[in-house]
Undergrad: 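Below you'll find the structure I mean.
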Amino acid sequence: MTTETWLALVAGALLGAGFLAFTRWRAERKRAQANTLVPHRTREVLAALHSGAILVRRDRRAAFSNTPASALGVTRPDGALHPGVADLAEIAWAADAEREDDIVVSRGVLGVDSVVHVRVTPLSDDLALAVANDDTERHAAELTRREFAVNVSHELKTPVGALSLLAETIEDNPDDSEMVRSFAKKIRKESRRLTKLIQEIIEISRLQGGESVVDHHELSLAGVIEEVCEGAEMHAESKHVNLVADIRTRPLVMGDHDLLVMAVRNLVDNAISYSDDSANVTVSLETEAGAAVLKVIDAGIGIERADQDRIFERFYRVDAARSRSTGGTGLGLSIVKHVVLQHSGTVDVWSKPGVGSTFTIRLTAHQEEQ
Ligand code: ADP
């Protein structure tokens, strides 16, 4: 190796070491500056908070942030800030007043969005305090509530519009007694549907209200089935459907008699409505490994796989015209799901188009009836 090469190597090594030392010194100085900006006590207080807390600097970086702030995705460990927080801080500084906003944060490799509520308070010309809280659930609930309100008004409009049209037609043809009679019958049918719809809207709002509406008593599930089958006799007869109760055991469950009757009635009504004339509908009950297993089995039209995932949603109908003609509201299965959830049970469906459907409710069985 020549002397020039040696010299070049030594100079390179010295330069590298110098650059390394300089970057270390700069990082150290930055840390020291940040430390003097945020006293130790303040850091301790902010670190102990459940909310995300960030001290925002003028250069759109964090002088300090606690662990919840990183977990919310509004800061990174290297001090980088979510642009939404930095923008809000600039607005707060410009107004010299507290400012708040909801920021959408995309987290993880799946990029699932969450909504974070951020409030920024300017502390000085150089520092502002940002407090962040996860608001995703409240936002989702608000969206669901708004969607529900839109759906309800849409669903109510149809029967109300039909009633108004029918009444108008009668008004225009008062002397046509046959038509008046036929339209009066239709008005009665629409009113019945409207009453059912309003009752179910009230019921689903109550069930989804958040708090438990279950009046817990020990009750006989076989008794529930017997009551439902008795009540559904006329509906079954009108379609010549053979409704059978196949009660193999008589388990007692803890729950609300009226709510469970409503849920099972909805399943049995559907089984009859979506069956062809003269078909069989069976309601069976047995006990399996401590669970009371109630099945409503029909050999009706069945449900496509894609629809099976959606039928428990409010107002979802596979065939809206058929549902309306059978007096359906699209709320029946949603009520079933919520009643069962309130009883800490499960409900699922097996179905095949053209073969039939089986809806199964599982509840914890306490003991057998004596
Ligand atoms: P609906 O009042 O329209 O019956 P539900 O919530 O009870 O509303 O049911 C939702 C949809 O699921 C129905 O519109 C229907 O398309 C389908 N469905 C429910 N039960 C059955 C069944 N036993 N057989 C076939 N389809 C059914």
Undergrad: Sequence neighbours left out, what passes side-chain hydrogen bond (donor to acceptor under 3.5 Å, both in side chains) with S275? Give chain and number order.
TA: none
Undergrad: Considering all heavy atoms of both residues, which atom of L219 and which atom of H257 are nearest to each other, and what is their separation?
TA: CD2-N, 3.5 Å
Undergrad: So, R60 side chain and L81 main chain: donor-acceptor pair closer than 3.5 Å or not?
TA: no
Undergrad: Without swapping roles, check the side chain of T195 against the backbone of S191 for a donor-acceptor pair under 3.5 Å.
TA: yes
Undergrad: May I ask whether L221 and V347 are part of the same hydrophobic cluster, defined by side-chain heavy atoms of I, L, V, M, F, W, Y residues being less than 4.5 angstrom apart, directly or through others?
TA: yes
Undergrad: Do M234 and V281 sit in the same hydrophobic cluster, where Ile, Leu, Val, Met, Phe, Trp and Tyr count as joined when their side-chain heavy atoms come under 4.5 Å apart?
TA: no
Undergrad: Has the side chain of W93 got a donor or acceptor atom that lies under 3.5 Å from a matching backbone atom of S124?
TA: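 Present.
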Undergrad: So, taking the atom named CG in D298 and the one named CG in N280, what distance separates them when rounded to the nearest 0.5 Å?
TA: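 Taking CG in D298 and CG in N280, the distance rounds to 10.5 Å.
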Undergrad: Given the rule in the side-chain contact (heavy atoms from CB on, under 4.5 Å) test, do T364 and V253 qualify, once you have shown the distances and angles that lead to the verdict?
TA: CA-CA 6 Å; T364 306; V253 297; over 6 Å; no
Undergrad: Following the transitive rule for hydrophobic clusters with a side-chain heavy-atom cut-off under 4.5 Å over Ile, Leu, Val, Met, Phe, Trp and Tyr, establish whether V293 and F359 coincide in one cluster.
TA: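 Not linked; separate clusters.
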Undergrad: Closest approach of A69 and S65, non-hydrogen atoms and distance?
TA: CB-CB, 4.2 Å
Undergrad: Is R248 paired with E288 through a side-chain N to carboxylate O contact shorter than 4.0 Å?
TA: no
Undergrad: What I want to check is whether the side chains of T136 and D134 have a donor and an acceptor closer together than 3.5 Å.
TA: yes
Undergrad: If hydrophobic clusters are built from ILVMFWY residues whose side chains come within less than 4.5 Å, do L259 and V261 share one?
TA: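 In one cluster: yes.
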Undergrad: To the nearest 0.5 Å, how far apart are CD1 in I204 and CZ in R206?
TA: 11.0 Å
Undergrad: Verify side-chain contact (heavy atoms from CB on, under 4.5 Å) between R99 and D101, making sure each step is shown before the conclusion.
TA: CA-CA 7 Å; R99 287 290 177 265; D101 204 358; over 6 Å; no
Undergrad: Side chains of L260 and L363: does their closest heavy-atom pair fall under 4.5 Å?
TA: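 Yes. Closest side-chain heavy atoms under 4.5 Å.
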Undergrad: Tell me which one of L267, V268, N266 satisfies side chain to side chain contact (heavy atoms under 4.5 Å, CB included) with V264.
TA: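 Between V264 and the candidates, side chain to side chain contact (heavy atoms under 4.5 Å, CB included) is satisfied uniquely by V268.
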Undergrad: Should Y316 and L333 count as side-chain neighbours, where that means a heavy-atom distance under 4.5 Å?
TA: no
Undergrad: Can you see which heavy atom on A245 is nearest to which on C229, and at what distance?
TA: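 Where A245 meets C229 most closely, the heavy atoms are CB-SG, 4.1 Å.
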Undergrad: Given side-chain contact (heavy atoms from CB on, under 4.5 Å), test L129 with L46 step by step and report yes or no.
TA: CA-CA 10 Å; L129 171 67; L46 296 181; 4.2 Å; yes
Undergrad: Any sub-3.5 Å donor-acceptor pair from R362's side-chain atoms to A292's backbone N or O?
TA: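 Side chain of R362 to backbone of A292, a donor-acceptor pair under 3.5 Å: no, none is there.
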Undergrad: To the nearest 0.5 Å, tell me how far I335 CD1 sits from E200 CD.
TA: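 Atom-to-atom, I335:CD1 and E200:CD are 4.0 Å apart.
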Undergrad: Using side-chain heavy atoms (C-beta onward) and a distance below 4.5 Å, is V152 in contact with F315?
TA: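 Answer yes - side chains close enough.
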Undergrad: What closest approach, in Å, do L163 and E190 show between heavy atoms, and which atom pair accounts for it?
TA: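 Smallest interatomic distance, heavy atoms only, reads CD2-CB, 3.7 Å.
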Undergrad: Looking only at heavy atoms, what is the nearest atom pair of I303 and Q308, with distance?
TA: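 Shortest heavy-atom separation between I303 and Q308 comes out as O-NE2, 2.9 Å.
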Undergrad: Charged N to carboxylate O below 4.0 Å: is that the case for E147 and R314?
TA: no
Undergrad: Tell me, do S182 and E178 make a side-chain contact under 4.5 Å, heavy atoms counted?
TA: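 Side-chain contact under 4.5 Å: no.
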Undergrad: Between D276 and K239, does any NZ, NE, NH1 or NH2 come within less than 4.0 Å of an OD or OE carboxylate oxygen?
TA: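 Salt bridge absent between K239 and D276.
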Undergrad: Could you tell me whether E44 atom CD has more than 12 heavy atoms of other residues or ligands within 6.0 Å of it?
TA: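 Enclosed: over 12 neighbouring heavy atoms sit under 6.0 Å from CD of E44.
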Undergrad: Taking only residues two or more places apart in sequence, or in another chain, which ones meet E100 in a side-chain hydrogen bond (donor to acceptor under 3.5 Å, both in side chains)?
TA: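 Listed in chain order: H117.
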Undergrad: Ignoring hydrogens, what is the shortest heavy-atom contact between A271 and V296? Give both atom names and the distance.
TA: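 Nearest heavy atoms, A271 then V296: CB-CG1, 3.8 Å.
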Undergrad: Any side-chain heavy atom of T249 within less than 4.5 Å of one from E368?
TA: yes
Undergrad: Counting N and O atoms only, with roles assigned by atom type, does the side chain of N66 sit under 3.5 Å from a partner on the main chain of S51, one being a donor and the other an acceptor?
TA: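 Yes.
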Undergrad: Flag the pair P68 / L49 as yes when at least one side-chain heavy-atom distance between them is below 4.5 Å, and no otherwise.
TA: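 With C-beta onward as the side chain, the pair stays apart.
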Undergrad: Apply salt bridge (Lys or Arg N to Asp or Glu O under 4.0 Å) to residues E203 and R265 and explain how you reach the verdict.
TA: CA-CA 14 Å; E203 208 49 64; R265 194 199 300 130; over 6 Å; no
Undergrad: Report all side-chain donor-acceptor pairs from residues 166-174 shorter than 3.5 Å, counting only partners two or more places apart or in another chain.
TA:
{"unit_1": "T169", "atom_1": "OG1", "unit_2": "L165", "atom_2": "O", "d": "2.7"}
{"unit_1": "N173", "atom_1": "ND2", "unit_2": "T169", "atom_2": "O", "d": "2.8"}

Undergrad: Tell me whether E230 at atom CD has more than 12 heavy atoms from other residues, nucleotides or ligands lying less than 6.0 Å away.
TA: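 Not more than 12 within 6.0 Å, no.
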Undergrad: Verify the cluster assignment for V355 and I311: are they in a single hydrophobic cluster under the rule of side-chain heavy atoms below 4.5 Å apart?
TA: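 Shared cluster, no.
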Undergrad: Under 4.0 Å between a side-chain nitrogen and a carboxylate oxygen: does that hold for R138 and E142?
TA: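 Salt bridge between R138 and E142, a charged N being under 4.0 Å from a carboxylate O: no.
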Undergrad: CG of D78: more than 12 outside heavy atoms within 6.0 angstrom?
TA: yes
